[in-house]
**Student:** 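Input: one structure, supplied below.
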Amino acid sequence: MFNRRCIIAAAVLCAAALAAPAHAQDKSIVVASTTSTQDSGLFEYLLPIFKQKTGITVKVVALGTGQALDVGRRGDADVVFVHAKEQEEKFLAEGHGVKRFPVMYNDFVLIGPMDDPAGVKGMKDAARAFRAIKDKQADFISRGDRSGTHSAELKLWKIAGIDIAKERGPWYKEIGQGMGAALNTAQADNAYVLSDRGTWIHFKNKGNLAILVEGDKRMFNQYGVMLVNPAKHPNVKKELGQEFIDWLVSPEGQKAIANYKINGQQLFFPDADDPNA
Amino acid sequence: MTDNASALQLLLSGDPELFAIVRLSLQVSLSAVLFATLIGLPTGAFLALVRFAGREPIIVVLNALMGLPPVVAGLAIFLLLSRSGPLGGLGLLFTPQAMVVAQTLLVTPIIAALARQTIEDLWVEYRDELAAMDVGPLRRIATLIWDARFSLVTALLAGWGRAAAEVGAIIIVGGNIQGFTRTMTTAIALETSKGDLPLAIGLGMILMSIVILINALAWLARRAGERYAG
């Protein structure tokens, strides 16, 4: 009869469906991190080295810094690895993190169309460049997603003496997406955009965009790593998570970070030994 | 996946990561369709055959839920499975199982609503016959589902199409973790954000090919089944 056949088929499918995703989840941690560390290819390079040494699988969920910290706040990650010092300190103050370790830095660069309608090319003062963009009402793409890059951009507007929430116009577009999506939008719109250098170097759809402003110290981009507080979130795998953090800031981990290069260019500069970072 | 390789090269060279992604996409979407079928078919049949107060509003809501935005389904399941949510103790967030749950939520209304319509249409045709046979309701439901099986396959394919195509729900509850919860659609989203548009479009073409292949297989199975059934 048909129903017996159906039942057998359903049971087989059911067993297959249940068995399939049941991976061995022996030693693994979840790290909430930022799109820049993923889109720049850093994790694809670092994690296999770490896994070979310790046997720990690191599962990276790449979000904006604000979102990544929220995932930590909910207890859905063991470690957060982000780049917005003020937001990280707030996270610690709320008791969600144990301790912040500086890991590395790269820098932000102002990307824009090669024909440079705001005339900012070669400026060494990022604030002046931002003022020029605003004065010319040149198209500007903002991440608008509470990411570390978004925070840095807002800080630069402030330094430039511009209250962007009030003085913005149609030239200023918040897209609410990751770094790569912002670069794709800027490429299509002939617009300016602030990017971290790592994502920019790794980005393949550069089109007519180029780095126009770089080297201003205020465009520094510091990364920090924190264990999510096990006292607050008892499911946190504190030993494995701490092992990952310890490795990142160890001489070996720091060397691996420095060794990550694309086309001979170093993307991240380790600075775990700098207490002020 | 290595840089500077086209999707076709990856496919031809048997790139293990690409195959793992394809396999996970199929596992998650087909599991979701299976569970959605187990829930949706009986629900649809019940709504088709049993008259009760509030039935019509339920049908309207069910039809509307066919348009449930994946990102809303994803967010709801995220909040449910988060460590701070009601089912946080299961530790399912950012796993393939969570993706199956989210897609089951998306696919069940599609299968239930289409099955309801199909079976109800058939019921109108069979009513007198089944009434004359004097069989119980469960037997009626089984008979109608069996006789509507070829049309119901289309409902399952529609449900599977939804699951295979969506990215909004699984990227939220799965997290797009490399080697663990990365599927075809989340990989396409990621490669797009890295600006590797050729690889993204290549992956998209592979996904489309798989969808066409599975639909062709379903079509052949249906043809064979119809011949066999006379």
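Computed from a predicted structure; not experimentally measured. All values below come from the heavy atoms of this structure, side chains included, with hydrogens, waters and symmetry mates left out. Order of the sequence lines fixes the chain letters, A, B, ..., with proteins taken first and strands second; residue numbering starts at 1 for each chain.
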**Student:** Of the backbone (N, CA, C, O) and the side chain (C-beta and beyond), which part of A:Val30 lies under 4.5 Å from a heavy atom of chain B, both, or neither?
**Tutor:** side chain
**Student:** Does the ring centre of A:Tyr260 sit less than 6.0 Å away from the ring centre of A:Tyr45?
**Tutor:** yes
**Student:** Please check if the distance between the ring centroids of A:Phe268 and A:Tyr223 is under 6.0 Å.
**Tutor:** yes
**Student:** Is it the side chain or the backbone of A:Asp39 that comes within 4.5 Å of chain B heavy atoms, both, or neither?
**Tutor:**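 Both backbone and side chain of A:Asp39 come within 4.5 Å of chain B.
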**Student:** Is A:Lys238 atom NZ crowded by more than 12 heavy atoms from other residues, nucleotides or ligands, each under 6.0 Å away?
**Tutor:**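 No, NZ of A:Lys238 has 12 or fewer neighbouring heavy atoms, counting only those of other groups under 6.0 Å.
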**Student:** Below 6.0 angstrom between ring centroids: does that apply to A:Phe43 and A:Phe81?
**Tutor:**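 Yes - the distance between ring centres of A:Phe43 and A:Phe81 falls below the 6.0 Å cut-off.
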**Student:** Heavy-atom distances under 4.5 Å only: say whether B:Leu79 touches chain A with side chain, backbone, both or neither.
**Tutor:**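 Contact with chain A is through both the backbone and side chain of B:Leu79.
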